[in-house]
Novice: 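Below you'll find the structure I mean.
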Amino acid sequence: MGKIKSAWEIALEKTENIVVDENKIRHQETINQIRKIAGSYLMADYDESEKVKNDLKGFKKEDLSEALSMTILNGLALPSEEIEDDRYTRLKTLLEIVSQDDQAFALFDQITSFLKQYPVHKKQLLDQMKQQFEPMLREKEAQMKEQYGQDVHLSLETDKEFLQVAKQNIEKLEAQYEHTLDGAKNQLKAFLQE
């Protein structure tokens, strides 16, 4: 029992000088509340742009700018497949709430166009690699038939060499896109902080 009390006393001694910044806590709660409203809007099944604008009217401009900037910048990420929804339109609606800068809108449009290109380029790269590897795979099949005397069917999806080269090339493409995207997002962030 003495050890527990002693540990408790030590903990109290270490925490007695901690000061709680209530303003900082309130500010963070406000930011979280704004981001929650924005997140709900981004995930909604139907367009609620007027509702989100209305829900966010009561917040201070600085808080809106901070919270929505984070939401917008986080929403601008490389997609794994072609974009078929209206996520970028919704992000632009949030951008309109915090900025009236034509340069910010132009840059946002460039970024979203760039992001829409990524899955297309990724697919094109894979198709090109498949065309290059297909003859080699058929040659392997012929060699295995000659060696084992039976028909052997190989596919690119199970060929280790193809999978390794494809992975390396996709990672290289992704790194190039990420590098460019990071630069563009930093420019957009600068516009949003003005």
Side-chain angles (χ1 to χ4, degrees), residues 3-119 122 171 174-194:
K3 269 188 168 177
I4 295 174
K5 186 175 181 187
S6 176
W8 175 255
E9 289 173 349
I10 292 171
L12 285 175
E13 288 172 8
K14 287 185 177 184
T15 59
E16 72 184 356
N17 293 328
I18 293 178
V19 179
V20 176
D21 187 348
E22 291 180 23
N23 290 333
K24 190 173 183 178
I25 292 171
R26 264 191 240 109
H27 174 73
Q28 193 56 47
E29 287 174 353
T30 301
I31 297 301
N32 290 341
Q33 188 178 5
I34 293 169
R35 293 195 72 197
K36 185 176 178 181
I37 292 168
S40 294
Y41 166 65
L42 292 174
M43 297 300 191
D45 291 334
Y46 49 91
D47 185 23
E48 297 181 333
S49 56
E50 291 307 313
K51 182 182 182 321
V52 76
K53 288 176 183 177
N54 210 24
D55 289 349
L56 294 174
K57 274 186 183 173
F59 293 98
K60 290 191 283 184
K61 183 172 174 48
E62 302 83 36
D63 293 339
L64 280 173
S65 180
E66 181 181 340
L68 294 181
S69 294
M70 283 190 274
T71 302
I72 293 164
L73 293 170
N74 288 339
L76 296 172
L78 288 181
S80 56
E81 51 194 43
E82 287 190 50
I83 304 299
E84 296 182 7
D85 58 17
D86 63 346
R87 76 180 72 174
Y88 298 134
T89 304
R90 290 175 188 237
L91 285 172
K92 191 167 186 176
T93 298
L94 296 178
L95 179 63
E96 291 168 354
I97 293 171
V98 294
S99 177
Q100 304 304 314
D101 189 332
D102 289 337
Q103 289 180 307
F105 294 130
L107 180 57
F108 179 87
D109 290 340
Q110 288 175 353
I111 293 171
T112 57
S113 174
F114 178 74
L115 291 173
K116 289 175 184 177
Q117 288 175 359
Y118 174 71
K122 184 177 169 182
E171 285 174 352
E174 186 176 331
Q176 290 170 346
Y177 265 82
E178 284 288 357
H179 177 72
T180 304
L181 178 60
D182 288 344
K185 284 170 67 172
N186 284 334
Q187 286 180 326
L188 184 60
K189 184 177 182 178
F191 282 125
L192 294 174
Q193 291 176 343
E194 289 179 351

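Basis for what follows: all heavy atoms, side chains included, without hydrogens, waters or symmetry-related copies.
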Novice: What distance do Thr71 atom OG1 and Glu66 atom CD have between them, rounded to the nearest 0.5 Å?
Specialist: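 It comes to 10.5 Å.
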Novice: Does Leu115 reach the side chain of Ile83, with side-chain heavy atoms less than 4.5 Å apart?
Specialist: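 No, too far: nothing below the 4.5 Å cut-off.
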Novice: When rounded to the nearest 0.5 angstrom, what distance separates CG in Leu94 from CE in Met70?
Specialist: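 Separation between the atoms: 12.5 Å.
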Novice: In Å and rounded to the nearest 0.5 Å, what is the CD to OG distance from Glu174 to Ser80?
Specialist: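 Here the interatomic distance stands at 10.0 Å.
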Novice: Quick check: closest heavy atoms across Arg90 and Tyr41, and the distance to 0.1 Å?
Specialist: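 Looks like NH1-O, 2.6 Å.
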Novice: Can you name the closest pair of heavy atoms from Ser65 and Val98 and give their distance?
Specialist: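 Residues Ser65 and Val98, closest heavy atoms: CA-CG1, 3.7 Å.
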Novice: Taking only residues two or more places apart in sequence or in another chain, which ones pass side-chain contact (heavy atoms from CB on, under 4.5 Å) with Asn54?
Specialist: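 Applying side-chain contact (heavy atoms from CB on, under 4.5 Å) to Asn54 gives Lys57.
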Novice: Knowing that exactly one of Arg35, Gln28, Glu29 qualifies, which makes a side-chain hydrogen bond (donor to acceptor under 3.5 Å, both in side chains) with Asn32?
Specialist: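 The passing option is Gln28.
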Novice: How many angstroms lie between atom CD1 of Ile37 and atom NZ of Lys53, to the nearest 0.5 angstrom?
Specialist: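 That separation rounds to 15.0 Å.
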Novice: Mind checking side-chain contact (heavy atoms from CB on, under 4.5 Å) for Ser99 and listing every partner two or more places apart, or none if nothing turns up?
Specialist: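 side-chain contact (heavy atoms from CB on, under 4.5 Å) list for Ser99, sorted by chain: Leu95, Asp101, Ala104, Leu192.
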Novice: List the atom of Thr93, the atom of Ser49, and the distance in Å for their closest heavy-atom pair.
Specialist: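 For Thr93 versus Ser49, the nearest heavy atoms are CG2-CB, 3.8 Å.
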Novice: Could I get the full list of side chain to side chain donor-acceptor pair (under 3.5 Å) partners for Glu96, not counting sequence neighbours?
Specialist: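 By the side chain to side chain donor-acceptor pair (under 3.5 Å) rule, Glu96 matches no residue at all.
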Novice: Answer with yes or no after comparing the ring centroid distance for Phe108 and Tyr88 against a 6.0 Å cut-off, counting only values under it.
Specialist: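 Not under 6.0 Å, so no.
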Novice: Nearest 0.5 angstrom please: Leu91 CG to Leu42 CG, how far?
Specialist: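 One finds 5.5 Å between CG of Leu91 and CG of Leu42.
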Novice: Of all the heavy-atom pairs spanning Leu68 and Ala38, show the shortest one and how long it is.
Specialist: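 That closest heavy-atom pairing would be CD2-CB, 3.6 Å.
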Novice: With rounding to the nearest 0.5 angstrom, report the OG1 to CG distance, Thr112 to Leu76.
Specialist: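 Thr112 atom OG1 to Leu76 atom CG measures 7.5 Å (nearest 0.5 Å).
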